[in-house]
A.B. asks: 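Please read through the structure below; I'll follow up with questions.
Model, not experiment: these values are computed from the prediction. The chains referred to below are lettered A, B, ... by the order of the sequence lines, with proteins before strands, and numbering in each begins at 1.
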Amino acid sequence: MVSLQPKIQLIMPKNIRVRFAPSPTGPLHMGGVRTALYNYLFAKSNGGKMILRIEDTDQSRFVPGAEHYIMESLAWCGIQFDEGVSEGGSYGPYRQSERKSIYKAYADQLIQTGNAYYAFDRTEDLNELRKQAEAKKKTFIYNAQTRKTLRNSLNMNDDEIKKHLMEGTPYVVRFMIPENICITMNDLIRGRVTVKSETLDDKVLFKSDGMPTYHLANIVDDHLMEISHVIRGEEWLPSLPLHVLLYEAFGWEKPQFAHLPLLLKPDGNGKLSKRDGDRLGFPVFPLQWKDPKSGEISSGYRENGYYPDAFVNMLALLGWNPGNDQELFSMTELIEAFSLDRVGKSGSKFDPEKAKWFNHQYLIQRSDKQLASEWKQWLKTEKNLEPESVKVVKIVSLIKERVNFVKELWDEASFFFEAPESYDEKVIKKRWKTDSPEQMENLATLLDTLEDFTAEKIDEKIKNWIADNELSMGVIMNALRLLLVGAAKGPHLGDIMEVLGKAESIKRIRSGIKTLLN
RNA sequence: GCUCCCAUCGUCUAGCCCGGUCAGGACGCCAGGUUUUCAUCCUGGUAACAGGGGUUCAAAUCCCCUUGGGAGUACCA
């Protein structure tokens, strides 16, 4: 039994609290699942709490069903939350749309302390400025240089500001980036990162629709929820200076940050996207997703026959490694072995082939009985077959090594259920000789005399018969396989015949001979 | 364009922090072996420190530059 005791408690003074904070704008992509996984592993390996917070501050991007999808996906993966939308907890609510009322006061506080200001600029005007800058191959930045020329409270007296606010002129609240300072940040994965403040822009903290932006909501909630470690994707790294500045403006203690490298597409470069899955034929989502608007279906790992523990294991090793040769980890073992300092800095290309290999490993580790029961369900729904468990267990034990997925068992074992309807031409040519019909008929007669139709007895009988008649093992067995299976595949013939039973085996031999005579 | 991040076999990666092993493992691929077929399995092989400069007796490892790649650059998250 692996112990789940916190291991670096001594250097972790506070309670460890991490959050996974997705936006319900669509299905959770496998990169997101990995981020959630690393958060979970980090929390559990340090005896901490894992929190699910839904970041739905953008009402226009809300997608029905996405939130449910996210929770179902993580549950399927075995990633459990201590607090969250459905778990509850004393730091709720855990949906930002339900926390709407708390953000305004924080935006106001920043204005009062001179860290933020009202901006009345119209979107069209800003877009125009951006366009103009782009034409000159520059980027428009709302910062110390430009803010003095724009329509904001910095350039207005108190009366003007009041007037605008009273009249209901739409406004946003922007953070005022300090001039000419160096912001030094510490990232648990990348170490020290330094940025000059003049490269940053005065980001919008509070939108004209009364909702906070990600930046404000994120900092306020992480503070209020006492988040100790922010573990998120690398795409957030450019926002880190802003976030650090926000903590400082509020005078709050900062959490520790860890920015995870991206998951890259298998071929070429760039981050893994839904398109790559369609193009290369692998799922990028944990569960199947049907887009509520277009009706478009994206395939999922679950529906493709992956085991959740295999999927999680594969994901865990994409960017993290234990420092030794172990590759197979249960969730408990992952929790025990995980540490942030063994997470790499560079992006990882996803390899669909290795994903299959992981599933193969989990499939062959399964007991015959377990696997048989999984396959029985498949046989019932896909083939409308309800064979005896004993038979299925036996078959599974013979062929599980050859497949990666439960659904592939059929390809390797259909002949156990259906007598061959046709015979592989190539094999006929190679294995069906002029003597074969007679030899096979004799063999059928011989097998008919066998009382105890077990693999062991069958083998013994056939071997003796071959020896007594000075026949060739290869010639006989291959011809026999052709009649029983219809092709040059399958496990040991004795085993096949035992499962088929005496009557069926002999029947197949005789009808095969007949068919091949024509 | 600008800002930041990154760089070991085709892929995931160990080694880097604390310079000194034929640069190790896994997936894939190839070959051989076992076998009544196919697959499994076993054995072996393939293949990498992006380039250039420094520092040093010694550099994958430390420093700089170049190149390449990625991310960000919204009243999206």
A.B. asks: Answer with base, sugar-phosphate or nothing: what part of the nucleic acid does A:Arg232 contact at a heavy-atom distance below 4.0 Å?
C.D. replies: nothing

A.B. asks: Taking CG from A:Asp187 and P from B:G72, how many angstroms apart are they, rounded to a whole number?
C.D. replies: 16 Å

A.B. asks: Aromatic ring centroids of A:Trp375 and A:Phe405 under 6.0 Å?
C.D. replies: no

A.B. asks: Do other residues, nucleotides or ligands put more than 12 heavy atoms under 6.0 Å from the CD atom of A:Glu124?
C.D. replies: yes

A.B. asks: If you look at every strand shown and take non-hydrogen atoms under 4.0 Å, does A:Thr57 touch a base, only sugar-phosphate, or nothing?
C.D. replies: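 Since only primed, P, OP1 and OP2 atoms lie under 4.0 Å of A:Thr57, the category is sugar-phosphate.
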
A.B. asks: Name the nucleic acid region contacted by A:Asp121, choosing base, sugar-phosphate or nothing; use a 4.0 angstrom heavy-atom cut-off, strictly under.
C.D. replies: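 Base contact.
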
A.B. asks: Quote, to the nearest angstrom, the P distance that separates B:G25 from B:G45.
C.D. replies: 9 Å

A.B. asks: Could you pick out which residue, A:Leu126 or A:Leu317, lies toward the 5' side of RNA chain B when each is mapped onto its nearest nucleotide?
C.D. replies: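 On the 5' side of the pair lies A:Leu317.
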
A.B. asks: For the C1' atoms, the ones on B:G28 and on B:C12, what distance do you get once it is rounded to whole angstrom?
C.D. replies: 11 Å

A.B. asks: For a quick check of understanding: with a heavy-atom distance under 4.0 Å over all strands, which category does A:Lys138 fall into, base, sugar-phosphate or nothing?
C.D. replies: nothing

A.B. asks: What N/O pairs connect the protein and nucleotides 2-11 of chain B at under 3.5 Å? Give each pair on its own line.
C.D. replies:
from	atom 1	to	atom 2	distance (Å)
B:C5	O2'	A:Arg190	NH1	2.6

A.B. asks: If we call it a pair only when both distances are under 3.5 Å in a Watson-Crick or G-U wobble match, what pairs with B:G19?
C.D. replies: none

A.B. asks: Students often get this wrong, so: under 4.0 angstrom with heavy atoms, is A:Val172 touching a base, only sugar-phosphate, or nothing?
C.D. replies: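 Base contact - A:Val172 has a heavy atom under 4.0 Å of at least one base atom.
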
A.B. asks: Please report the distance, rounded to the nearest Å, between CG in A:Asn127 and P in B:C76.
C.D. replies: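 Atom-to-atom, A:Asn127 to B:C76, this comes out as 12 Å.
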
A.B. asks: With the side chain counted from C-beta on, respond yes when A:Arg53 and A:Met225 share a heavy-atom pair under 4.5 Å apart, and no when they do not.
C.D. replies: yes

A.B. asks: Expressed in whole Å, how much space separates the C1' atoms belonging to B:C16 and B:A60?
C.D. replies: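 Comparing C1' positions in B:C16 and B:A60 gives a spacing of 7 Å.
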
A.B. asks: If the C1' atom of B:G15 is compared with that of B:G20, how far apart are they to the nearest Å?
C.D. replies: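 So the two C1' atoms sit 14 Å from each other.
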
A.B. asks: Nearest heavy atom decides the nucleotide; on that basis, is A:Arg431 or A:Asp209 closer to the 5' end of RNA chain B?
C.D. replies: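 First, find each residue's nearest nucleotide; the 5'-ward one identifies A:Arg431.
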
A.B. asks: Are there any protein N/O atoms within less than 3.5 Å of an N/O atom in nucleotides 47-49 of chain B, and if so, which ones and at what distance?
C.D. replies:
none

A.B. asks: Flag this pair as yes if the NZ/CZ of A:Arg34 is under 6.0 angstrom from the six-membered ring centre of A:Tyr38 and inside a 45 degree cone about the axis; otherwise no.
C.D. replies: yes

A.B. asks: Using the P atoms only, state how far B:G51 lies from B:U8, rounded to an integer number of Å.
C.D. replies: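 It works out to 11 Å between them.
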
A.B. asks: Ring centres under 6.0 Å, that's the criterion: do A:Phe350 and A:Phe282 meet it?
C.D. replies: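 Distance test on ring centres: under 6.0 Å, yes.
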
A.B. asks: Distance check, C1' atoms only: B:A26 and B:C64, in whole angstrom units.
C.D. replies: 35 Å

A.B. asks: Tell me which nucleotide among B:A14, B:C75, B:C76 gets nearest to the side chain of A:Arg342.
C.D. replies: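 The nucleotide sitting nearest to the side chain is B:A14.
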
A.B. asks: Measure the CG-CG distance between A:Leu334 and A:Leu317 for me, rounded to the nearest 0.5 Å.
C.D. replies: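 Nearest 0.5 Å value for the CG-CG distance: 7.5 Å.
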
A.B. asks: With no hydrogens and no angle check, just 3.5 Å: does a side-chain donor-acceptor pair link A:Arg192 and A:Asn186?
C.D. replies: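 No pair is found: no donor N or O on one side chain lies under 3.5 Å from an acceptor on the other.
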
A.B. asks: So what does A:Gly270 hit on the nucleic acid, given a heavy-atom distance under 4.0 Å: a base, only sugar-phosphate, or nothing?
C.D. replies: sugar-phosphate

A.B. asks: Indicate whether any N or O donor in one side chain lies under 3.5 Å from an N or O acceptor in the other, for A:Asp121 and A:Tyr142.
C.D. replies: yes

A.B. asks: Check for me whether A:Arg190 meets the cation-pi criterion with A:Phe257, that is, NZ or CZ under 6.0 Å from the six-membered ring centre and within 45 degrees of the ring axis.
C.D. replies: no

A.B. asks: Distance check: side-chain N/O of A:Arg61 vs OP1/OP2 of B:A77, anything under 4.0 Å?
C.D. replies: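 False: A:Arg61 side-chain N/O out of range (4.0 Å or more) of B:A77 OP1/OP2.
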
A.B. asks: Can you see whether A:Tyr103 engages A:Asp221 through a side-chain donor-acceptor pair at a distance of less than 3.5 angstrom?
C.D. replies: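 Side chains of A:Tyr103 and A:Asp221: pair found under 3.5 Å.
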
A.B. asks: Which base sits across from B:C2 as a Watson-Crick or G-U pair, both distances under 3.5 Å?
C.D. replies: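 Partner of B:C2: B:G72.
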
A.B. asks: Distance check: side-chain N/O of A:Arg174 vs OP1/OP2 of B:C75, anything under 4.0 Å?
C.D. replies: yes

A.B. asks: Describe the nucleic acid contact of A:Gly319 in one word from base, sugar-phosphate, nothing, applying a heavy-atom distance below 4.0 Å.
C.D. replies: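 Sugar-phosphate contact only.
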
A.B. asks: Checking side-chain polar atoms at under 3.5 Å, does A:Tyr214 have a donor or acceptor matched by the opposite partner on A:Asp58?
C.D. replies: no

A.B. asks: In whole Å, what separates the P atom of B:C75 from that of B:C49?
C.D. replies: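 Here B:C75 and B:C49 have their P atoms 46 Å from each other.
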
A.B. asks: Mind checking A:Pro241 for me? I need base, sugar-phosphate or nothing, with any heavy atom below 4.0 Å counting as a touch.
C.D. replies: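 Since no nucleic acid heavy atom lies under 4.0 Å of A:Pro241, the category is nothing.
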
